[in-house]
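Side chains included, hydrogens not; waters and symmetry mates left out as well; all remaining heavy atoms used. Position 1 is the first residue of the sequence, and the numbers go up from there.
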Amino acid sequence: MDVYAAVTSRRAVRAFTDRDVPREALERVVSAAAWAPSASNLQPWHSYVVTGVPLAEIKKRAGERLAMGDPWDEPEYEQYPPALKSPYRERRSAFGEQRYGALGIAREDWEARQRAASANWDCFGAPAALFCYIDRELGRPQWSDVGMYLQTVMLLLRAEGLHSCPQMAWAKFRRTVAEVLSPPDELVLFCGMSIGYADATAGDARTGRAPLAETVTFVDGF
(Lines give C-alpha, C1' and ligand atoms only; values in the text may rest on other atoms or scores of the structure.)
Protein backbone atom coordinates (compact mmCIF):
# COMPACT_ATOMS: atom_id res chain seq x y z
CA MET A 1 0.00 0.00 0.00
CA ASP A 2 1.20 3.51 -0.83
CA VAL A 3 2.38 5.32 2.32
CA TYR A 4 -0.06 8.20 1.78
CA ALA A 5 -2.92 5.72 1.37
CA ALA A 6 -1.90 3.96 4.59
CA VAL A 7 -1.81 7.24 6.51
CA THR A 8 -5.10 8.61 5.20
CA SER A 9 -6.99 5.31 5.53
CA ARG A 10 -5.80 4.59 9.05
CA ARG A 11 -8.45 5.32 11.65
CA ALA A 12 -9.44 4.13 15.10
CA VAL A 13 -11.87 1.32 14.26
CA ARG A 14 -14.33 0.47 17.02
CA ALA A 15 -16.14 -2.44 15.37
CA PHE A 16 -14.35 -5.53 14.08
CA THR A 17 -15.41 -8.82 12.55
CA ASP A 18 -14.43 -12.10 14.20
CA ARG A 19 -12.34 -13.11 11.17
CA ASP A 20 -9.01 -14.47 12.40
CA VAL A 21 -5.89 -12.43 11.76
CA PRO A 22 -3.11 -14.52 10.19
CA ARG A 23 -0.17 -15.05 12.54
CA GLU A 24 2.16 -14.48 9.57
CA ALA A 25 0.73 -11.00 9.01
CA LEU A 26 1.22 -10.05 12.65
CA GLU A 27 4.79 -11.32 12.56
CA ARG A 28 5.53 -9.30 9.41
CA VAL A 29 4.13 -6.16 11.01
CA VAL A 30 6.00 -6.31 14.31
CA SER A 31 9.21 -7.41 12.57
CA ALA A 32 9.12 -4.41 10.23
CA ALA A 33 7.97 -2.05 13.02
CA ALA A 34 11.21 -2.81 14.86
CA TRP A 35 12.78 -0.32 12.41
CA ALA A 36 10.78 2.55 13.93
CA PRO A 37 13.04 5.41 15.06
CA SER A 38 14.14 5.86 18.66
CA ALA A 39 16.70 8.18 20.21
CA SER A 40 20.09 6.47 20.43
CA ASN A 41 18.34 3.32 19.20
CA LEU A 42 17.01 2.51 22.70
CA GLN A 43 13.95 0.74 21.22
CA PRO A 44 12.02 1.29 24.48
CA TRP A 45 8.86 -0.60 23.48
CA HIS A 46 7.91 -3.99 24.93
CA SER A 47 4.98 -5.48 23.04
CA TYR A 48 2.79 -8.49 23.67
CA VAL A 49 0.81 -9.67 20.65
CA VAL A 50 -2.16 -11.64 21.95
CA THR A 51 -4.77 -13.80 20.22
CA GLY A 52 -6.89 -16.88 20.88
CA VAL A 53 -7.38 -18.23 24.39
CA PRO A 54 -5.11 -15.70 26.19
CA LEU A 55 -6.94 -12.73 24.65
CA ALA A 56 -10.30 -14.33 25.37
CA GLU A 57 -9.23 -14.70 29.00
CA ILE A 58 -8.22 -11.04 29.26
CA LYS A 59 -11.56 -9.99 27.79
CA LYS A 60 -13.45 -12.35 30.12
CA ARG A 61 -11.71 -11.05 33.24
CA ALA A 62 -12.20 -7.43 32.17
CA GLY A 63 -15.88 -8.13 31.54
CA GLU A 64 -16.27 -9.67 34.98
CA ARG A 65 -14.73 -6.61 36.58
CA LEU A 66 -17.12 -4.37 34.68
CA ALA A 67 -20.09 -6.50 35.68
CA MET A 68 -19.11 -6.31 39.35
CA GLY A 69 -18.54 -2.56 39.18
CA ASP A 70 -14.90 -2.81 40.22
CA PRO A 71 -13.11 0.54 40.21
CA TRP A 72 -10.48 1.20 37.58
CA ASP A 73 -6.84 0.59 38.45
CA GLU A 74 -4.91 3.57 39.75
CA PRO A 75 -3.24 5.25 36.77
CA GLU A 76 0.53 4.94 36.43
CA TYR A 77 0.70 7.96 34.16
CA GLU A 78 -1.43 11.03 33.51
CA GLN A 79 -3.46 10.53 30.33
CA TYR A 80 -4.69 14.13 30.13
CA PRO A 81 -3.88 17.26 32.13
CA PRO A 82 -6.47 17.87 34.88
CA ALA A 83 -7.41 21.19 33.28
CA LEU A 84 -7.22 20.69 29.54
CA LYS A 85 -6.81 24.10 27.91
CA SER A 86 -8.06 25.43 24.59
CA PRO A 87 -8.00 24.33 21.79
CA TYR A 88 -7.40 20.78 23.06
CA ARG A 89 -10.44 20.89 25.35
CA GLU A 90 -12.73 21.76 22.44
CA ARG A 91 -11.21 19.08 20.19
CA ARG A 92 -11.72 16.43 22.85
CA SER A 93 -15.29 17.57 23.39
CA ALA A 94 -15.99 17.51 19.64
CA PHE A 95 -14.65 13.97 19.45
CA GLY A 96 -16.95 12.87 22.26
CA GLU A 97 -19.97 14.49 20.61
CA GLN A 98 -19.23 12.78 17.29
CA ARG A 99 -18.44 9.42 18.86
CA TYR A 100 -21.49 9.18 21.11
CA GLY A 101 -23.75 11.10 18.74
CA ALA A 102 -23.13 8.43 16.09
CA LEU A 103 -24.33 5.88 18.65
CA GLY A 104 -27.43 7.92 19.43
CA ILE A 105 -26.27 8.63 22.97
CA ALA A 106 -27.13 12.00 24.48
CA ARG A 107 -24.42 14.08 26.15
CA GLU A 108 -26.11 13.83 29.56
CA ASP A 109 -26.70 10.05 29.36
CA TRP A 110 -23.65 9.06 31.41
CA GLU A 111 -24.81 5.47 31.93
CA ALA A 112 -25.15 4.87 28.18
CA ARG A 113 -21.74 6.42 27.61
CA GLN A 114 -20.25 4.04 30.16
CA ARG A 115 -21.84 1.07 28.41
CA ALA A 116 -20.41 2.22 25.08
CA ALA A 117 -16.98 2.74 26.63
CA SER A 118 -17.05 -0.81 28.03
CA ALA A 119 -16.59 -2.12 24.47
CA ASN A 120 -12.95 -1.05 24.84
CA TRP A 121 -12.31 -4.01 27.09
CA ASP A 122 -13.73 -6.45 24.56
CA CYS A 123 -11.31 -4.97 22.00
CA PHE A 124 -14.43 -3.93 20.05
CA GLY A 125 -14.75 -7.56 19.01
CA ALA A 126 -11.26 -7.76 17.47
CA PRO A 127 -9.60 -11.20 17.49
CA ALA A 128 -6.10 -9.84 18.06
CA ALA A 129 -4.53 -7.24 20.31
CA LEU A 130 -1.17 -5.70 21.06
CA PHE A 131 -0.32 -4.52 24.57
CA CYS A 132 2.55 -2.03 24.62
CA TYR A 133 4.69 -1.48 27.70
CA ILE A 134 7.58 0.83 28.54
CA ASP A 135 10.15 0.66 31.32
CA ARG A 136 8.97 2.89 34.16
CA GLU A 137 12.46 4.40 34.60
CA LEU A 138 12.52 5.88 31.10
CA GLY A 139 11.57 9.49 30.39
CA ARG A 140 9.38 11.57 28.10
CA PRO A 141 11.59 11.23 25.00
CA GLN A 142 11.31 7.45 25.23
CA TRP A 143 7.51 7.65 25.55
CA SER A 144 7.64 9.68 22.34
CA ASP A 145 9.65 6.88 20.74
CA VAL A 146 6.95 4.40 21.75
CA GLY A 147 4.39 6.61 20.02
CA MET A 148 6.39 6.48 16.79
CA TYR A 149 6.63 2.70 17.10
CA LEU A 150 2.88 2.36 17.56
CA GLN A 151 2.15 4.58 14.56
CA THR A 152 4.52 2.42 12.51
CA VAL A 153 2.63 -0.68 13.63
CA MET A 154 -0.71 0.86 12.66
CA LEU A 155 0.48 1.88 9.19
CA LEU A 156 1.95 -1.56 8.55
CA LEU A 157 -1.34 -3.11 9.59
CA ARG A 158 -3.04 -1.07 6.86
CA ALA A 159 -0.55 -2.51 4.37
CA GLU A 160 -1.80 -5.94 5.44
CA GLY A 161 -5.43 -4.91 4.92
CA LEU A 162 -5.99 -4.73 8.67
CA HIS A 163 -7.30 -1.98 10.93
CA SER A 164 -6.58 -1.07 14.52
CA CYS A 165 -7.62 1.03 17.48
CA PRO A 166 -5.00 2.28 19.98
CA GLN A 167 -6.50 2.30 23.48
CA MET A 168 -5.12 3.99 26.57
CA ALA A 169 -8.27 2.60 28.20
CA TRP A 170 -6.42 -0.66 28.84
CA ALA A 171 -4.13 1.15 31.28
CA LYS A 172 -7.19 1.37 33.54
CA PHE A 173 -7.36 -2.44 33.60
CA ARG A 174 -3.60 -2.99 33.69
CA ARG A 175 -3.80 -5.47 36.57
CA THR A 176 -6.24 -7.63 34.63
CA VAL A 177 -3.90 -7.68 31.65
CA ALA A 178 -0.95 -8.47 33.90
CA GLU A 179 -2.76 -11.47 35.39
CA VAL A 180 -2.61 -13.12 31.99
CA LEU A 181 0.60 -11.71 30.47
CA SER A 182 2.77 -11.54 33.63
CA PRO A 183 4.98 -8.65 32.48
CA PRO A 184 8.08 -7.76 34.54
CA ASP A 185 7.40 -5.33 37.40
CA GLU A 186 9.56 -2.64 35.83
CA LEU A 187 7.19 -2.25 32.90
CA VAL A 188 4.25 0.18 32.67
CA LEU A 189 1.31 -0.63 30.39
CA PHE A 190 1.01 2.38 28.09
CA CYS A 191 -1.84 1.13 25.93
CA GLY A 192 -3.52 -1.72 24.20
CA MET A 193 -4.32 -1.90 20.51
CA SER A 194 -7.23 -3.81 18.98
CA ILE A 195 -6.32 -5.42 15.65
CA GLY A 196 -8.49 -7.04 13.03
CA TYR A 197 -10.73 -6.59 10.01
CA ALA A 198 -13.13 -3.66 10.19
CA ASP A 199 -16.84 -4.43 10.29
CA ALA A 200 -18.02 -2.54 7.23
CA THR A 201 -21.64 -2.66 8.42
CA ALA A 202 -20.93 -0.68 11.58
CA GLY A 203 -20.71 2.71 9.87
CA ASP A 204 -17.88 3.88 12.12
CA ALA A 205 -17.34 7.57 11.22
CA ARG A 206 -13.84 8.95 10.97
CA THR A 207 -12.95 11.88 13.20
CA GLY A 208 -12.02 15.07 11.39
CA ARG A 209 -8.82 17.06 11.77
CA ALA A 210 -8.07 20.69 12.60
CA PRO A 211 -7.32 23.07 9.72
CA LEU A 212 -3.65 22.94 8.77
CA ALA A 213 -3.12 26.56 9.81
CA GLU A 214 -3.99 25.63 13.42
CA THR A 215 -1.24 23.04 13.73
CA VAL A 216 1.45 23.87 11.17
CA THR A 217 3.48 27.05 10.54
CA PHE A 218 5.52 27.26 7.34
CA VAL A 219 8.71 29.33 7.62
CA ASP A 220 10.35 29.60 4.22
CA GLY A 221 12.14 31.94 1.87
CA PHE A 222 9.99 31.60 -1.22
Side-chain angles (χ1 to χ4, degrees), residues 10-31 33-34 44-80 99 103 113-136 143 146-147 149-154 156-158 160 162-199 202 204:
R10 188 218 62 82
R11 58 190 175 90
V13 167
R14 294 180 176 84
F16 293 87
T17 71
D18 60 1
R19 176 184 170 189
D20 287 338
V21 176
R23 168 71 178 263
E24 297 80 9
L26 294 171
E27 289 181 349
R28 283 193 296 269
V29 166
V30 294
S31 295
W45 45 83
H46 297 262
S47 294
Y48 292 75
V49 180
V50 190
T51 59
V53 173
L55 181 57
E57 183 63 20
I58 291 173
K59 292 180 180 182
K60 172 178 168 291
R61 295 188 185 202
E64 289 171 348
R65 284 187 62 177
L66 287 167
M68 291 187 294
D70 282 0
W72 289 341
D73 296 332
E74 285 296 317
E76 293 193 285
Y77 67 92
E78 188 175 79
Q79 293 187 0
Y80 301 100
R99 164 72 179 144
L103 297 172
R113 286 189 172 219
Q114 290 292 87
R115 286 197 303 271
S118 68
N120 272 284
W121 298 292
D122 185 48
C123 292
F124 302 106
L130 180 149
F131 294 93
C132 189
Y133 288 79
I134 183 171
D135 193 302
R136 64 181 70 252
W143 285 72
V146 168
Y149 165 76
L150 291 169
Q151 172 75 337
T152 302
V153 168
M154 289 186 284
L156 289 166
L157 288 169
R158 290 301 303 123
E160 295 285 348
L162 295 160
H163 273 287
S164 61
C165 183
Q167 301 161 266
M168 288 192 295
W170 276 109
K172 297 179 170 69
F173 275 22
R174 57 186 172 81
R175 291 193 175 95
T176 299
V177 178
E179 288 170 3
V180 177
L181 301 185
S182 301
D185 290 341
E186 65 265 23
L187 297 184
V188 173
L189 177 58
F190 171 46
C191 73
M193 181 189 296
S194 297
I195 298 171
Y197 296 95
D199 182 354
D204 206 7

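- In this structure, the side chains of Leu150 and Pro166 stay at 4.5 Å or more apart for every pair of heavy atoms.
- Nearest heavy-atom pair, Pro44 versus Val146, reported as atom, atom and distance to 0.1 Å: CG-CG2, 4.0 Å.
- In this structure the side chain of Ile134 never reaches within 4.5 angstrom of the side chain of Trp45, judged on heavy atoms.
- Between Phe16 and Tyr197 the shortest side-chain heavy-atom distance does not fall below 4.5 Å.
- Judged by distance alone, the side chain of Asp73 and the main-chain N or O of Arg175 form a donor-acceptor pair under 3.5 Å.
- Heavy atoms from other residues, nucleotides or ligands lying under 6.0 Å from CD of Glu74 number 12 at most.
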Worksheet item: Could you go step by step and tell me if Phe173 and Leu66 meet the side chain to side chain contact (heavy atoms under 4.5 Å, CB included) rule?
Response: CA-CA 10 Å; Phe173 275 22; Leu66 287 167; 3.8 Å; yes
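- The distance from the CG atom of Leu156 to the CD atom of Gln151 is 10.0 Å, given to the nearest 0.5 Å.
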Quiz: residues 177-195 side-chain donor-acceptor pairs under 3.5 angstrom, not counting sequence neighbours:
from   : atom 1 : to     : atom 2 : distance (Å)
Glu179 : OE1    : Arg61  : NH1    : 3.0
Ser194 : OG     : Cys123 : O      : 3.3
Ser194 : OG     : Gln167 : OE1    : 2.5

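- Closest non-hydrogen pair, Ala126 versus Lys59, comes out as O-NZ, 2.7 Å.
- Expressed to the nearest 0.5 Å, how far CZ of Arg23 lies from OG1 of Thr51 amounts to 7.0 Å.
- Atoms OH and CD1, on Tyr48 and Ile58 in that order, are 11.0 Å from each other to the nearest 0.5 Å.
- When all heavy atoms of Leu26 and Ala128 are compared, the closest pair comes out as CD1-CB, 4.4 Å.
- A donor-acceptor pair under 3.5 Å is formed between the side chain of Arg65 and the backbone N or O of Pro71.
- Of the inter-residue distances, the one linking Arg14 atom CZ with Cys165 atom SG reads 4.5 Å to the nearest 0.5 angstrom.
- Going from atom OH of Tyr149 over to atom CG of Leu130 covers 5.5 Å, rounded to the nearest 0.5 Å.
- Closest of all the heavy-atom pairs between Ala198 and Thr17 is O-CG2, 3.8 Å.
- Note that OG of Ser47 is 10.5 Å distant from OH of Tyr133, once rounded to the nearest 0.5 Å.
- Surrounding CZ of Arg136 are more than 12 heavy atoms belonging to other residues, nucleotides or ligands, all under 6.0 Å away.
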